[in-house]
Protein chains: 2
Amino acid sequence: MSTREQVLDAALRTLNADPTASLATIAEAAGVGRATLHRHFPGRDDLVRELGDRSLDRWEQTQDASGMADAIADGGAEAVTACLHSMFPRLVVDAEDHGFALTDSFLVCDPELAARTAALEEREVGLWRTAQAAGVVRPELPARWYLHAGYGLLVAARDALRAGDVARRDVADLVLDTLLHGIGTSTPTTTSTTTTPEGGAR
Amino acid sequence: MSTREQVLDAALRTLNADPTASLATIAEAAGVGRATLHRHFPGRDDLVRELGDRSLDRWEQTQDASGMADAIADGGAEAVTACLHSMFPRLVVDAEDHGFALTDSFLVCDPELAARTAALEEREVGLWRTAQAAGVVRPELPARWYLHAGYGLLVAARDALRAGDVARRDVADLVLDTLLHGIGTSTPTTTSTTTTPEGGAR
DNA sequence: TCCATATGAGACATCAATGTCTCATATGGA
DNA sequence: TCCATATGAGACATTGATGTCTCATATGGA
């Protein structure tokens with residue numbers, strides 16, 4: 001492994017644990033001198049930008065590996081469902097590996113990274129729109145909400161894993177199951193909930 | 001309003017927008033001198049700790065105002081459901097006002113704040129356990145997951161509002177609806193949840 | 001062996017944030 | 001008016017992170 005990759009891997013691990021870690025800490029974690037780190041990455045911004053790029057690469061790979069493009073092109077319920085079930089387990093892993101990218105703000109600070117992020121988000125919104133058209137998810141809610149809800153549950157998954165509240169083996173199913181079916185026992189549209197006066201209709 | 005409260009309010013707003021904002025920025029936002037800020041809060045830690053305390057106060061008030069204790073004592077499905085429907089709209093507002101507390105790490109750094117956080121979390125887990133016993137939420141999933149899922153969706157709500165993707169009027173219903181019923185159209189019945197060959201809308 | 005390149009150690013300067021200090025001023029009550 | 005208190009402005013030192021520099025050393029290929 002090249003020194004450059006050593007540094008990037010160590011930076012990812014270190015910043016994941018503490019987003020405010022200093023370059024000295026990162027260099028030490030990478031087992032290289034501070035000067036060497038500066039030779040490969042002139043400044044902290046360069047290092048962080050590269051990490052952001054890697055995170056977005058990973059996200060893009062996850063979308064590709066899940067067959068998102070094919071599912072959107074296919075448009076059928078089976079294809080969309082298969083895509084979701086392929087994508088979320090990968091996303092859970094991504095959220096753990098690049099967890100800091102979920103919450104940190106550097107993604108929106110750099111214009112180039114922000115543009116890439118927006119493009120990937122748009123791609124996923126396209127999947128959710130297809131899922132609506134295919135009858136897989138409810139059509140009456142804004143598709144963009146599904147994007148946010150999905151990533152909110154990924155944050156939940158990361159936190160739950162960190163707290164040791166759920167088994168790693170179960171967490172991907174838990175996320176997708178909660179996202180698609182919710183945690184309630186009542187059905188959403190049949191006004192079977194006992195107390196809500198206006199029923200479940202929105 | 002006392003100077004101390006001026007500073008606290010400005011600090012909340014400023015740190016909410018940028019968690020790395022300097023004390024000079026906060027003082028300026030509060031319309032006070034930097035020395036005055038230091039007179040009320042000897043160091044940054046003191047200020048942040050106070051803000052954390054306030055966030056936890058707010059959370060506690062939300063739990064109280066939602067009748068959580070009564071709902072747990074009652075144990076009935078109606079009481080639990082009413083508590084949830086009262087709590088989440090408040091939590092959405094809390095998440096916006098004290099948003100930075102959702103993700104920042106100072107809550108877990110200070111032992112006292114961490115203890116309060118754990119106590120409030122435990123209280124809410126108690127509500128979820130009651131909800132399971134009352135048949136309001138699915139009993140087969142870990143109650144702690146409901147805690148994480150709920151707060152994950154609050155993060156989603158905050159992000160969606162920031163992005164302008166959902167209307168403020170709708171977001172509380174959206175969160176609770178998504179949490180309880182999910183976004184899918186298929187019923188989460190006891191049979192296989194992996195692939196729904198039918199998948200059609202009801 | 002010889003040499004180009006990468007590295008480690010560390011000195012050094014810079015910068016922003018922080019914390020402490022003094023002093024002049026304003027405010028409000030006795 | 002007189003005084004205690006709070007404040008604003010700003011000087012000052014400290015600290016940690018950052019970025020640049022030099023020099024000795026190691027490594028690997030020609």
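Basis for what follows: all heavy atoms, side chains included, without hydrogens, waters or symmetry-related copies. Keep in mind that this is a model prediction, so the values were computed, not measured. Lettering of chains follows the sequences in order, A, B, ..., and the numbering in each one begins at 1.
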- Item | Opposite nucleotide pairing with D/dG8, Watson-Crick or G-U, both atom distances under 3.5 Å | C/dC23

- Item | Presence of donor-acceptor pair under 3.5 Å, side chain of B/Arg39 and base of D/dG8 | yes

- Query: Does B/Thr3 put a side-chain nitrogen or oxygen below 4.0 Å from OP1 or OP2 of D/dT7?
  - Reply: yes

- Whichever of B/Arg4 and A/Thr25 has the more 5' nearest nucleotide on DNA chain D, that residue is B/Arg4

- Message: Main chain of A/Gly182, side chain of B/Arg138: is a donor-acceptor contact present, judged purely on distance under 3.5 Å?
- Response: yes

- Please determine, for C/dG29, whether a Watson-Crick or G-U wobble partner exists with both distances under 3.5 Å, and give it or none. D/dC2

- Task: Using both distances under 3.5 Å as the test, list the Watson-Crick or G-U wobble partner of C/dA16, or none.
- Result: D/dT15

- Message: What is the separation between atom CG on B/Leu23 and atom P on C/dA17, rounded to the nearest whole Å?
- Response: 10 Å

- d(CZ, A/Arg44; P, D/dT18) in whole Å: 5 Å

- Just how far, in rounded Å, is P of C/dA17 from CD of B/Glu28? 12 Å

- Message: How many whole angstroms separate atom CD of B/Gln6 from atom C1' of D/dG8?
- Response: 13 Å

- Return the 5'-most residue of the pair B/Phe41, A/Ser2 with respect to DNA chain C, ranking by each residue's nearest nucleotide. A/Ser2

- Query: What is the nucleic acid contact for B/Arg34, judged by heavy atoms within less than 4.0 Å: base, sugar-phosphate only, or nothing?
  - Reply: base

- Task: State plainly whether the residues B/Glu96 and B/Arg168 are in salt-bridge range, i.e. N to O under 4.0 Å.
- Result: yes

- Message: Rounded to whole Å, how long is the line connecting atom CD of A/Glu5 with atom P of C/dA6?
- Response: 15 Å

- Item | Short side-chain to backbone donor-acceptor contact, A/Gln132 and A/Leu141, under 3.5 Å | yes

- Message: Just N and O in the side chain of A/His40: are any of them under 4.0 Å from OP1 or OP2 of C/dT7?
- Response: yes

- Message: Please pick, from D/dT18, C/dG19, D/dC21, the nucleotide with the shortest atom-to-atom distance to any side-chain atom of A/Ala35.
- Response: D/dC21

- Query: Side chain of A/Asp46, backbone of A/Gly43: donor and acceptor closer than 3.5 Å?
  - Reply: yes

- Query: How far apart are the closest heavy atoms of B/Ala157 and B/Val175, and which atoms are they?
  - Reply: CB-CG2, 3.6 Å

- Item | Integer-rounded Å distance: D/dT22 C1' and A/His38 NE2 | 15 Å

